[in-house]
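Structure record follows, encoded as structure tokens.
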Amino acid sequence: MSLRDELKQLSEKIRTYRDEAKVQLHLASEEAKDEWNDLEKSWEKFRRRVDELWDDTENASKDVRETTRELGEDLKESYEKLRNRIKYL
């Protein structure tokens with residue numbers, strides 16, 4: 001799988017977890033809302049990095065690609081945890 005395909009798939013998974021958490025956020029505690037706000041900042045950072053990589057995938061260093069992938073995986077896990085935690089409120 002190409003880097004572009006991998007990041008696209010990861011972005012779609014993050015978006016799904018993000019959307020599910022957002023739907024349930026209105027029932028969440030203040031702590032969960034604060035966590036959401038922090039995750040939203042990370043989401044914007046990830047999206048900017050992915051957009052930069054789209055523009056220059058072939059010239060992006062291995063470190064930049066790996067860092068972006070790791071950021072995406074961390075973000076996906078964080079949204080998933082938040083979604084699961086507020087799902088049962």
Going by side chain to side chain contact (heavy atoms under 4.5 Å, CB included), name the residues that satisfy it together with [X], two or more places apart in sequence or in a different chain.
X	result
Leu39	Glu35, Leu75, Ser78, Tyr79, Leu82
Asp5	Met1, Ser2
Glu44	Arg48
Glu31	Ser29, Arg85

Quiz prompt | All pairs passing salt bridge (charged side-chain N to carboxylate O under 4.0 Å, His left out) where residues 14-25 contributes a residue, at least two apart | solution =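 For residues 14-25, and leaving out neighbouring residues, the salt bridge (charged side-chain N to carboxylate O under 4.0 Å, His left out) pairs sorted by first residue read Arg18-Glu40, Glu20-Arg83.
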
Quiz item: Can you list every pair that meets ring-ring contact (aromatic ring centres under 6.0 Å, His included) and has a residue in residues 2-21, with sequence neighbours left out?
Solution: none

Nearest 0.5 Å please: distance from the [atom1] atom of [X] over to the [atom2] atom of [Y].
X	Y	atom1	atom2	result
Asp74	Phe46	CG	CZ	10.5 Å
Gln24	Ile86	CD	CD1	5.5 Å
Thr16	Lys13	OG1	NZ	6.5 Å

Taking side chain to side chain donor-acceptor pair (under 3.5 Å) as the definition, give me every residue that meets it alongside [X], ordered by chain and number, with sequence neighbours left out.
X	result
Arg69	Glu6, Glu66
Glu73	Lys76
Asp51	Arg47

Self-check item: Minimal non-hydrogen separation, Trp43 against Ser11, with atom names
Solution: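 Heavy-atom minimum between the residues: CH2-O, 4.0 Å.
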
Self-check item: Arg49 and Thr67: CA distance, side-chain angles, deciding distance, side chain to side chain contact (heavy atoms under 4.5 Å, CB included) verdict
Solution: CA-CA 10 Å; Arg49 286 189 125 162; Thr67 300; 3.3 Å; yes

Quiz prompt | Atom NZ of Lys45: over 12 foreign heavy atoms under 6.0 Å | solution =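 Atom NZ in Lys45 is not crowded, with 12 or fewer foreign heavy atoms closer than 6.0 Å.
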
